[in-house]
Chemist: 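Below is one structure. I have some questions about it.
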Number of protein chains: 2
Amino acid sequence: MNTSADAPLGNIEILAPLCSVFRRFLKERNLRYTQERADVLDAVMATDGLFEAEGLLAEVRARSAHTVSKATVYRTLRLLQEAGIITPTLIDPKQTHYQLVYGRTPADTLVCMETGQHVALRSAEIEALRNKLAEEHGWTVTGHRFVIYGISPDASTNTRPDPSA
Amino acid sequence: MNTSADAPLGNIEILAPLCSVFRRFLKERNLRYTQERADVLDAVMATDGLFEAEGLLAEVRARSAHTVSKATVYRTLRLLQEAGIITPTLIDPKQTHYQLVYGRTPADTLVCMETGQHVALRSAEIEALRNKLAEEHGWTVTGHRFVIYGISPDASTNTRPDPSA
DNA sequence: GTCGGTGCAAATGCTTTGCATTGAT
DNA sequence: ATCAATGCAAAGCATTTGCACCGAC
């Protein structure tokens, strides 16, 4: 429940240097590139679209034999954020979701209210609109988040999923 | 820290019937219209733009002499949500923010990364873009959330606020 | 008079932190 | 060797819930 369906992401040319970006970031701060941090970054790269801490922990554990603690996952998520590799996405008030952003405009998302499925979007128009609106108010833009809630074709095909929402 | 600057909201013609809307909603569900619920709704109407639970509690206590508990504020927030009067806004991963939505398109927001200040926006273009994007993916839209992060003119005027972020 | 509502305090669940041990450089 | 990172378990917070008493209908 933490990956999207047909997200056009997962660009390998972009993913490869992520590891170096992270290492460089760590070195700059006199922090160490550890096995655990590498494992977490790998798991992040394996997700395409969105993920949250708990799911990432599961992913880390599934991919590598090492045990990585929840605390380390959270600590690494913070570093990845500071390194500009991921960004929080605020889809769900109960949990923080993140997405890979390094090397691309933060993807906007389409979230299904019934299945929880999400699809990452990209649209230059969003950015243009954002810039226009901020400018009208005299603000300097640093970023944005655009989430569209809806019913996915998959969900509307099925009879009647869980109505608790 | 829970109200906006120049939000063009706070429309009295819309606010007046809110109370009846809420009463009708409660009656339909065989729930009671209590003093505490009225106080919370009043406080919600007094905010223009965004608010969160803790701030709302303070507002309730400031406006009415009655004591309303935190639990009741949270319980009432849920009812107001179910009544379609407010909606969660997801600006901050640590706390749920809400906004009044009854009778209007949910306002989109401009959030200042330095001062925390926020301004509610309205733009038909956002909605149009939203509909277009969802349609392209074959989804049925039920709503959206658009948050622009930036630096407000107020903040950029000041020398150098808190750089922790 | 009857349920539903309220306040309080305890419970939850995500996220963060203190501390002793382990490990990258 | 040194200094930071890890894991664990405990602490922190926003939010929710159980329960006994109170109040709207």
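Order of the sequence lines fixes the chain letters, A, B, ..., with proteins taken first and strands second; residue numbering starts at 1 for each chain. Note that the structure is predicted; figures quoted are calculated from it, not measured.
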Chemist: Please enumerate all residues that pass side-chain contact (heavy atoms from CB on, under 4.5 Å) together with A/K132, with sequence neighbours excluded.
Modeler: A/E136, B/E125
Chemist: List, with names and distances, any nitrogen or oxygen atoms from the protein found under 3.5 Å away from nitrogen or oxygen atoms belonging to nucleotides 19-25 of chain D.
Modeler:
residue, atom, partner, partner atom, Å
D/dG23, N2, B/R32, NH1, 2.5

Chemist: Starting from C1' on D/dT16, measure out to CG on B/L77 and report it in whole angstrom.
Modeler: 13 Å
Chemist: Could you work out, with side-chain contact (heavy atoms from CB on, under 4.5 Å) as the rule, every residue matching B/R23, not counting sequence neighbours?
Modeler: B/C19, B/Y33
Chemist: For A/E54, which residues count as a side chain to side chain donor-acceptor pair (under 3.5 Å) partner, sequence neighbours excluded?
Modeler: A/K70
Chemist: Looking only at atom types and distance, does a side-chain atom of B/R145 sit under 3.5 Å from a main-chain N or O of A/I148, one as donor and one as acceptor?
Modeler: no
Chemist: A/L79 CG to C/dT17 C1': how many Å, rounded?
Modeler: 15 Å
Chemist: Has A/S69 got a side-chain N or O lying under 4.0 Å from the OP1 or OP2 atom of D/dC8?
Modeler: no
Chemist: Taking A/T72 for the side chain and A/V68 for the main chain, is one N or O donor matched with an acceptor at less than 3.5 Å?
Modeler: no
Chemist: Below 3.5 Å is the cut-off: list the nitrogen or oxygen pairs between protein and nucleotides 11-15 of chain D, distance only.
Modeler:
residue, atom, partner, partner atom, Å
D/dT15, OP1, B/T96, N, 2.9
D/dT15, OP1, B/T96, OG1, 3.2
D/dT15, OP2, B/Y74, OH, 2.4
D/dT15, O5', B/Y74, OH, 3.3

Chemist: Between B/L80 (CG) and C/dG5 (C1'), how many Å, whole number?
Modeler: 15 Å
Chemist: Under the side-chain contact (heavy atoms from CB on, under 4.5 Å) test, which residues partner B/A71, sequence neighbours left out?
Modeler: B/S69, B/R75
Chemist: Please tell me which of the listed nucleotides, D/dT6, C/dA9, C/dT17, lies nearest to the side chain of A/A71?
Modeler: C/dT17
Chemist: Can you name the residues that form a salt bridge (charged side-chain N to carboxylate O under 4.0 Å, His left out) with B/R63, not counting sequence neighbours?
Modeler: B/E59
Chemist: Report the distance from atom CG of A/L57 to atom P of C/dT15, rounded to the nearest whole Å.
Modeler: 12 Å
Chemist: Sequence neighbours excluded, which residues qualify as salt bridge (charged side-chain N to carboxylate O under 4.0 Å, His left out) partners of B/R61?
Modeler: none
Chemist: At 10 degrees resolution, what angle do the end axes of the helix from C/dG1-D/dC25 to C/dT25-D/dA1 form when each is taken over five base pairs?
Modeler: 40°
Chemist: Output all residues satisfying side chain to side chain donor-acceptor pair (under 3.5 Å) with A/Q81, sequence neighbours left out; order by chain, then residue number.
Modeler: none
Chemist: Mind checking what makes salt bridge (charged side-chain N to carboxylate O under 4.0 Å, His left out) contact with A/R29, not counting sequence neighbours?
Modeler: A/E82
Chemist: So, using side chain to side chain donor-acceptor pair (under 3.5 Å) as the criterion, who are the partners of B/D92 when residues are at least two apart?
Modeler: none
Chemist: Distance check: side-chain N/O of B/R29 vs OP1/OP2 of C/dG4, anything under 4.0 Å?
Modeler: no
